[in-house]
Amino acid sequence: VCSSDLLDWTSPSTSSHPKRLRTRTHGSSSAPSLPSKSPSLCSLDCRLINARSLKTDSIRNPKRQMLVAELDAGHLDALFVCETWLCSEVSSAFLCGPSASRYEVFRKDREADLGNGGGVALFVRSSLSPRPLPFEPRSELSGCELVMDGVPIRLLVAYRPPSGTIANQLLYLKGLAIDLKRASSDTTQLVLAGDMNLADIEWTESNASSPLARDFLSLALELGLSQHVLDPTRRANILDLILSHPRELVFAVSVSPCFLPSDHHQVDFSVSVPPSKRGICPRKDGRAKKAQSPAPGRVRRNWKRADYGGM
């Protein structure tokens, strides 16, 4: 990632025709093409996993091959990954395989002096023209901004290690708070997904027992973030979280066994700009038109946002 590609926090892109970034060509150009997606799509299909290493490439535990197959299937617009266990010696092209030119990868590997493990990665479909965001150098946080329905949306993935001294844990949360406050505002569409290892937060009651959990809960409430995962993701605990602002940005959340060997379940969810937030929508002729409200007496329904699982 070049420094010139980084977004300026103080002036997010709001253009109705986002500049298309150069498609990376790490993989073979002869690989079969995936279905393309436009920034004007109604929703994004997303998934959060805790991989516990993406480097594993053995016959008994072929995690990288399974990741390659999942990306090659082409049904995910964004894949949020915690505990990648990666280092600079492992290239993103190697992780993606034949799909390397069709997904942008935003990574933050753990600093070498902080020990092994950890790390996060965000795989986003290249046709959505995602742009990287800047973060504190030692935080395990990465993300991007893309434009959908004329509205900038920021996708972030984070991991909080469960071990360490209280001082280091508080320092981590302080750095995370700085990054999230810079990435968030009353008008920002934000999705934060990750394993925060905070099992003692009661999200439905907005209660927490430990100091670290209370600090993170207070941060989420301060930023107006809503937490969407209500089913356990590891044993009886909700460790893997999906938070958003506004709340209606995320819907259709489901928890199921992970497609990779992992002691965490995966969380699938969809992201869509609420109708009230939509701005300028591109037309088929390439020109722009303002998103229109329903005529008086009529109601416009988005059937993709229906809770079919609850019916």
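Positions are given from 1, in the same order as the sequence printed here.
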On a heavy-atom basis, the closest approach of Leu249 and Pro274 is CD1-CD, 4.1 Å
Which atom of Leu241 lies closest to which atom of Leu243, heavy atoms considered:
CB-CD1, 3.8 Å
With a 4.5 Å cut-off on side-chain heavy atoms, are Asp231 and Val253 touching?
no
Considering the options Asp240, Thr233, Asp195, which one meets the side-chain hydrogen bond (donor to acceptor under 3.5 Å, both in side chains) requirement together with Asn50?
Asp195
Determine, step by step, whether Phe123 and Ser99 satisfy the side-chain contact (heavy atoms from CB on, under 4.5 Å) criterion, reporting the C-alpha distance in whole Å, the side-chain angles of both residues, the deciding distance to 0.1 Å, and the verdict.
CA-CA 11 Å; Phe123 298 77; Ser99 300; over 6 Å; no
Rounded to the nearest 0.5 Å, how far does CD of Gln227 lie from CG of Leu221?
11.5 Å
Nearest 0.5 Å, please: how far is CG in Leu122 from OG in Ser142?
6.5 Å
Main-chain N/O of Asp45 paired to Asp77 side chain as donor or acceptor, under 3.5 Å:
yes
How about Leu133 and Asp179: do any of their side-chain heavy atoms sit closer than 4.5 Å?
no
Identify the heavy atoms of Ser244 and Val250 that sit nearest to each other, and give their distance.
CB-CG2, 3.6 Å
Is a side-chain N or O of Arg102 found less than 3.5 angstrom from the main chain of Leu71, in a donor-acceptor match?
no
Please check: side-chain N/O of Arg154 versus main-chain N/O of Thr188, any donor-acceptor pairing under 3.5 Å?
no
So do the side chains of Arg107 and Thr84 get within less than 4.5 Å of each other, counting heavy atoms only?
no
Are Leu67 and Lys63 close enough that some pair of their side-chain heavy atoms sits under 4.5 Å apart?
no
Can you name the closest pair of heavy atoms from Arg247 and Ser226 and give their distance?
NH1-CB, 3.2 Å
Working to the nearest 0.5 angstrom, can you tell me the gap between Ile201 CD1 and Leu212 CG?
9.5 Å
Backbone of Gly97 reached by a side-chain donor or acceptor of Arg64 within 3.5 Å:
no
Could you go step by step and tell me if Val147 and Ser129 meet the side-chain contact (heavy atoms from CB on, under 4.5 Å) rule?
CA-CA 8 Å; Val147 177; Ser129 300; over 6 Å; no
CG (Asp109) and CD (Glu89) are apart, to the nearest 0.5 Å, by 10.5 Å
Any link between Leu170 and Leu180 through a network of hydrophobic side chains (Ile, Leu, Val, Met, Phe, Trp, Tyr) touching at under 4.5 Å?
yes
Rounded to the nearest 0.5 Å, what separates atom OG in Ser209 from atom CG in Leu198?
10.0 Å
Salt-bridge present (Asp263, Arg234; N to O < 4.0 Å):
yes
Side chains of Leu176 and Ser139: closer than 4.5 Å at any heavy-atom pair?
no
Side-chain contact, heavy-atom cut-off 4.5 Å: Arg47 with Phe80?
no
Quick one: do Ile166 and Leu171 end up in the same hydrophobic cluster if we chain Ile, Leu, Val, Met, Phe, Trp and Tyr together by side-chain heavy atoms under 4.5 Å apart?
no
Parallel, tilted or perpendicular: which one describes the rings of Phe216 and Trp203, with boundaries at 30° and 60°?
perpendicular
Can we say Glu136 and Arg182 salt-bridge, meaning some charged N sits less than 4.0 Å from an Asp/Glu carboxylate O?
yes
When clusters are formed by joining ILVMFWY residues with side-chain heavy atoms under 4.5 Å apart, either directly or through shared neighbours, do Leu79 and Leu239 land in the same one?
no
So which atom in Trp85 and which in Lys55 form the shortest heavy-atom distance, rounded to 0.1 Å?
O-CE, 2.9 Å
Less than 4.5 Å apart, any side-chain heavy atom of Leu260 and any of Gln266?
no
Under a single-linkage definition using a 4.5 Å side-chain heavy-atom cutoff for Ile, Leu, Val, Met, Phe, Trp and Tyr, are Val68 and Leu76 assigned to the same hydrophobic cluster?
no
Check the side chains of Asn61 and Ser58 for a donor-acceptor pair under 3.5 angstrom, ignoring hydrogens and angles.
no
Closest approach of Leu128 to Leu146 (non-hydrogen atoms, all atoms of both residues)
O-CB, 3.7 Å
Please round to the nearest 0.5 Å and tell me the distance separating atom CG of Asn197 and atom OG of Ser163.
9.0 Å
Worked check of side-chain contact (heavy atoms from CB on, under 4.5 Å) between Leu223 and Leu192
CA-CA 11 Å; Leu223 298 178; Leu192 170 64; over 6 Å; no
Identify which one of Arg110, Arg160, Lys108 satisfies the salt bridge (Lys or Arg N to Asp or Glu O under 4.0 Å) criterion when paired with Glu140.
Arg110
So, do Gln189 and Pro246 sit near enough that their side-chain heavy atoms are less than 4.5 Å apart?
yes
Look only at the side chain of His245 and the backbone of Gly224, and say whether a donor-acceptor pair between them is shorter than 3.5 Å.
yes
Between the side chain of Asp200 and the main-chain N/O of Ser210, is any donor-acceptor distance below 3.5 Å?
yes
